[in-house]
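In what follows, a structure is listed as structure tokens, so that the remarks can point back to it.
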There are 2 protein chains.
Amino acid sequence: MPDSYTKEVRDLHLFSDMEDQHFQSLIRAAYVQNFPPQIELISEGDPSDFLHILLTGSVDLFSSWNERETSMATVRPVSTFILAASVREAPYLMSARTMEKSRIMLIPSQNVREVFAQDGQFARAIVDELAQCYRGVIKNTKDLKLRTSLERLANYLLREQLRSGGGASFRLEAEKRRLASFLGMTSENLSRAFKGLRPYGVTVTGKQITITNQADLEGFAKPHPLIDER
Amino acid sequence: MPDSYTKEVRDLHLFSDMEDQHFQSLIRAAYVQNFPPQIELISEGDPSDFLHILLTGSVDLFSSWNERETSMATVRPVSTFILAASVREAPYLMSARTMEKSRIMLIPSQNVREVFAQDGQFARAIVDELAQCYRGVIKNTKDLKLRTSLERLANYLLREQLRSGGGASFRLEAEKRRLASFLGMTSENLSRAFKGLRPYGVTVTGKQITITNQADLEGFAKPHPLIDER
DNA sequence: GCGGGCAGTTGACATTTATCAAGTGAATGC
DNA sequence: GCATTCACTTGATAAATGTCAACTGCCCGC
């Protein structure tokens, strides 16, 4: 049932413009649940019964094939996930597991589709959100196909730096092994990649990253808005 | 101006359910143009002024970074492309060039957004289309990250086989160098990959592919609906 | 505070993939 | 009809990336 997170949810771009009556109807249908760390919330292939909204904590979206597994994205509060599967009534393409203790709101997909049909603002917001998600994945594909692992790491660090405020020093949000998987490499290779960036002015101490030579790193990474801008 | 392709466009999932009045309004605003082969229709970074609909011919969507280039997708008639950029009024993330002589309908993005606001069926169709595109790119990412190039080729061949009717023998639609780029490898490697599939019952003669041992190839490729189903 | 346990690192090595250079073969044009 | 071009192939080699095994260091619990 609704709680103090309602306001934060309401402020999400997806819900911010819709009529209050419709928002309330979604919230009434929704329920909020707490999950411990390392719980598999969703398994790929499952029917998409709920739109999920991460309120607190963090969630890893990952996929598997033939005994292999890769991290596709990390969800941080407050944001929705698996909207595409919900609106298409199609099975999930990714699995989701909590990385830490997490609070999650679940809105039945059925209700989302009903409100979609009634509320033009909501429909518009869903289109925006989907288009943005789509563009995000395209950027990710470009990153994967056009860059080496060292270049991907360099650009990732620049993005994280920006996200953390732009200072020379910042902390990695992700565990390194998850980061490795997200960037499409092994943990061992990530370790070596960090070393490989030392000549370009990157210092690593645990999760603490310091960029001692911004110009050098950018010269190597060559970040590009059509790949890296989020 | 509208022509005999109107019906085919109308039958596209994106337009099939909308009110005729709205469809006509889109068509009136649209124009149709013929392009020679190898023309760059769109350059990534350009503002997205038009929704494009490929009527005949074929179009390659590709991206570049730092002197490198990769093929992202091939568009075949009759279908739309760059819908996401259109609805978000954001710059194109991919470039597009005709691969052969092509006939293309252009609908001003402005009109698409106007009709979207008026026609619930059209809005619903756009959401469906975007969600499908999104899911397509996610599948592609899984293909790239979870499989080796040999496995990607094997699964690509199985998908093409299905698309061509399922017979043991079929023709490749794409040139091999474009296929290589699409699969995320070099031409040289694609050549070797075809050889590498010979033990699994794949024979290649120019563009003609024959799968002499379906079970072996499938055993190696391990196709999976959440990656390969289109 | 001692002993796992575990993420991360390192080194040696294998595999995969890219690069460069040369060759083949089929389609095209004069 | 012959030369040219261009996609594709092949071989030799280099670079990137993955694997395996051992090791380090730190956190956590008892």
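Here is how names work: the chains are called A, B, and so on, in the same order as the sequence lines, proteins then strands, and each is numbered from 1.
Shown here is B/Lys101, whose NZ atom has no more than 12 heavy atoms of other residues, nucleotides or ligands within 6.0 Å.
One can place CG of B/Leu153 at 11 Å from P of C/dT17, the figure rounded to the nearest angstrom. As a whole-Å value, the separation of B/Leu183 CG from D/dC8 P is 13 Å. Rounded to a whole Å, the CG atom of B/Leu190 is 15 Å from the P atom of C/dT19.
With rounding to the nearest 0.5 Å, the separation of CG in B/Leu153 from CG in B/Leu190 is 6.0 Å. The structure places NZ of A/Lys139 at 11.5 Å from CG of A/Asp143, a figure rounded to the nearest 0.5 Å. Separation of atoms CZ (A/Arg171) and OG (A/Ser164) is listed at 11.5 Å; rounding is to 0.5 Å. In this structure, the separation between CD on B/Glu129 and CZ on A/Arg88 is 8.5 Å, given to the nearest 0.5 Å. One finds the CG atom of A/Leu146 at 13.5 Å from the NZ atom of A/Lys222 (value rounded to the nearest 0.5 Å).
With hydrogens and angles ignored, the 3.5 Å screen pairs no side-chain donor or acceptor of A/Lys142 with any backbone N or O of B/Met94.
For DNA chain C, the neighbouring residues in residues 172-182 of chain A, judged by any heavy atom under 4.0 Å, are A/Glu175, A/Lys176, A/Arg177.
In this structure, B/Phe81 has its ring center no closer than 6.0 Å to that of B/Tyr92.
Residue B/Asp228 is tested with B/Arg163, B/Arg159, B/Arg152 for a salt bridge (Lys or Arg N to Asp or Glu O under 4.0 Å); the sole match is B/Arg159.
Side chains of B/Phe15 and B/Ile107 form a contact here, defined as non-hydrogen atoms less than 4.5 Å apart.
A close approach under 4.0 Å does not occur between any side-chain nitrogen or oxygen of B/Lys207 and OP1 or OP2 of D/dA7.
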Legend entry - nucleotides 13-19 of chain D: protein proximity per nucleotide (B base, S sugar-phosphate only, - neither; heavy atom, under 4.0 Å): ----SBB
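Overall, the helix from C/dG1-D/dC30 to C/dC30-D/dG1 carries an axis bend of 40° between its ends, with five pairs at each end and the value rounded to 10°.
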